[in-house]
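Comments concern the structure below.
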Amino acid sequence: MKSALKAVIFDLDGVLTDTAGYHYLAWRKVADELGIYFDERINERLKGVERMRSLEIVFERADRGFTDQEKRLWADKKNEYYKELIETMTPSKVAPGARELLITLKEKGIKTGLASVSKNAQTVIEKLQIKEFFDYMADATIIKQGKPDPEIFLTVADNLQVAAECCIGVEDAAAGIKAIKTAGMFAVGIGDPQVLSEADEVIASIVGFDLQKYIEMVF
Ligand code: B16
Ligand code: MG
């Protein structure tokens with residue numbers, strides 16, 4: 001179907017700001033306290049993955065089992081460490097080019113949405129001072145299925161009252177790209193083309209987001 005761009009839906013962590021480093025430090029503190037091996041490569045697998053599923057990945061290297069209660073306790077601990085870190089965030093932490101893109105989208109009357117699985121998304125958005133740019137924000141507190149399920153992207157499109165085929169989704173995680181494609185949207189990946197092979201297009205950072213090209217494109 002021929003359609004014009006009516007909305008851009010952004011992931012948060014890794015797209016509009018780089019919080020992966022904070023997630024890494026918080027998980028590493030937990031892993032160190034428990035004597036579990038953890039490194040940057042394992043941290044890569046946590047991108048776009050909700051908290052309890054992330055814990056399962058981090059705990060794969062543990063040499064003992066944990067009860068559900070213990071897992072919840074350690075997930076809470078990780079979140080406390082993470083919250084301490086994001087408390088220090090300032091508007092300078094907005095990814096280069098992101099604020100400018102959000103301003104241009106507003107000027108052109110293209111709607112904007114946020115699709116983050118982070119329960120801390122609101123705090124991060126407030127710290128970055130970019131809340132005013134979003135027409136609708138969905139986050140983990142209102143979504144039942146994590147990415148790669150398309151629920152979060154479809155919920156945002158619904159609330160923006162825009163058909164999925166008129167939306168671009170922007171993501172840094174493979175699971176997020178899958179969610180966008182399953183939702184029937186055009187997927188722009190931020191990062192490594194090999195990791196994000198299911199994306200319609202991959203750019204190195206939001207600076208490379210060619211809005212004019214997407215406006216003229218029929219997808
Ligand atoms: P929290 P996104 C995701 O956010 C992160 O990429 C992922 O690393 C993190 O585990 C997840 O949020 C959950 O975060 O523990 O704060 O609820 O990329 O969907 O914006
Ligand atoms: Mg992300």
Side-chain angles (χ1 to χ4, degrees), residues 8-31 38-60 71-89 93-95 98 112-128 130-131 134 136-156 169-180 183 187-192 195-196 198-199 202-206 209:
V8 180
I9 303 174
F10 295 93
D11 170 46
L12 177 62
D13 292 344
V15 170
L16 296 175
T17 187
D18 186 11
T19 44
Y22 298 136
H23 282 294
Y24 172 72
L25 290 174
W27 279 122
R28 211 188 61 194
K29 211 164 171 189
V30 164
F38 183 63
D39 63 16
E40 299 263 7
R41 212 168 47 85
I42 300 171
N43 194 57
E44 275 300 302
R45 292 173 56 206
L46 309 182
K47 285 186 179 173
V49 177
E50 62 86 29
R51 197 180 310 158
M52 289 312 287
R53 177 68 199 122
S54 296
L55 177 138
E56 297 292 347
I57 294 171
V58 175
F59 280 27
E60 279 172 8
K71 286 180 187 171
R72 270 195 301 277
L73 190 138
W74 285 106
D76 288 349
K77 252 190 185 197
K78 181 269 172 178
N79 195 45
E80 286 311 312
Y81 297 148
Y82 181 68
K83 277 177 19 188
E84 276 170 29
L85 292 165
I86 58 173
E87 200 45 48
T88 66
M89 286 179 94
K93 281 284 186 182
V94 178
T112 50
L114 186 78
S116 171
V117 301
S118 172
K119 292 195 170 78
N120 294 293
Q122 292 298 328
T123 309
V124 172
I125 288 287
E126 273 159 31
K127 288 278 172 197
L128 298 176
I130 53 173
K131 194 172 182 171
F134 292 97
Y136 184 77
M137 294 191 268
D139 64 32
T141 56
I142 58 160
I143 297 297
K144 290 186 196 73
Q145 306 294 327
K147 301 164 187 174
D149 191 282
E151 181 189 1
I152 192 163
F153 284 96
L154 290 173
T155 302
V156 176
V170 193
E171 258 288 350
D172 70 316
I177 294 291
K178 198 173 207 50
I180 295 169
V188 174
I190 306 277
D192 183 345
V195 177
L196 307 174
E198 289 185 46
V202 179
I203 51 180
S205 78
I206 213 85
F209 192 95

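Atoms within a ligand are numbered from 1 in the order they appear, just like the ligands themselves.
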I'd like to know if [X] pairs up with [Y] as an ion pair, taking the criterion as any Lys NZ or Arg NE/NH1/NH2 lying under 4.0 Å from an Asp or Glu carboxylate oxygen.
{"X": "Lys77", "Y": "Glu80", "result": "no"}
{"X": "Glu50", "Y": "Lys147", "result": "no"}
{"X": "Lys47", "Y": "Glu171", "result": "no"}

Please identify which atoms of ligand 1 are closer than 4.0 Å to at least one heavy atom of [X].
{"X": "Lys119", "result": "1 (P), 16 (O), 17 (O)"}
{"X": "Ser54", "result": "10 (O)"}
{"X": "Asn120", "result": "1 (P), 16 (O)"}
{"X": "Asp11", "result": "2 (P), 18 (O), 19 (O), 20 (O)"}
{"X": "Ser116", "result": "2 (P), 4 (O), 19 (O), 20 (O)"}
{"X": "Leu12", "result": "20 (O)"}
{"X": "Val49", "result": "7 (C), 9 (C), 10 (O), 11 (C), 13 (C)"}
{"X": "Leu46", "result": "7 (C), 8 (O), 10 (O)"}

Verify the distance test for Glu171 against the Mg ion (ligand 2): any N/O/S atom under 2.8 Å, yes or no.
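Within the cut-off used here (under 2.8 Å), Glu171 places no N, O or S atom near the Mg ion (ligand 2).
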Measuring from Lys93:NZ to Leu16:CG, what's the distance to the nearest 0.5 Å?
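So the NZ of Lys93 and the CG of Leu16 are separated by 14.5 Å.
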Atom 12 (O) of ligand 1 - nearest protein heavy atom and its distance
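Protein heavy atom with the smallest distance to atom 12 (O) of ligand 1: Ser118 CB, 3.4 Å.
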To the nearest 0.1 Å, how far is atom 5 (C) of ligand 1 from its closest protein heavy atom, and which atom is that?
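Here the closest protein heavy atom is Asp13 OD2, 3.3 Å.
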Closest to atom 15 (O) of ligand 1 (judged by heavy-atom distance), picking from His23, Arg51, Glu50, Arg53:
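The option holding the nearest heavy atom is Arg51.
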May I ask you to check whether Lys147 has an N/O atom sitting below 3.5 Å from an N/O atom of ligand 1?
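Yes; the residue has a nitrogen or oxygen that sits under 3.5 Å from a nitrogen or oxygen of the ligand.
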Between Thr17 (side chain only) and Thr19 (backbone N and O only), is there a donor and an acceptor less than 3.5 Å apart?
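It does not hold such a pair.
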May I have the step-by-step check of side chain to side chain donor-acceptor pair (under 3.5 Å) for Asn43 and His23, ending in yes or no?
CA-CA 8 Å; Asn43 194 57; His23 282 294; over 6 Å; no
Let me see the working for Thr155 and Tyr136 under side chain to side chain contact (heavy atoms under 4.5 Å, CB included), right down to the final yes or no.
CA-CA 10 Å; Thr155 302; Tyr136 184 77; 4.2 Å; yes
If you round to 10 degrees, what value do you get for the angle at the Mg ion (ligand 2) between Asp11 atom OD2 and Asp172 atom OD1?
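The two atoms subtend 80° at the Mg ion (ligand 2).
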Any non-hydrogen atom of Gly48 lying under 4.0 Å from ligand 1?
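Heavy atoms of Gly48 do come under 4.0 Å of ligand 1.
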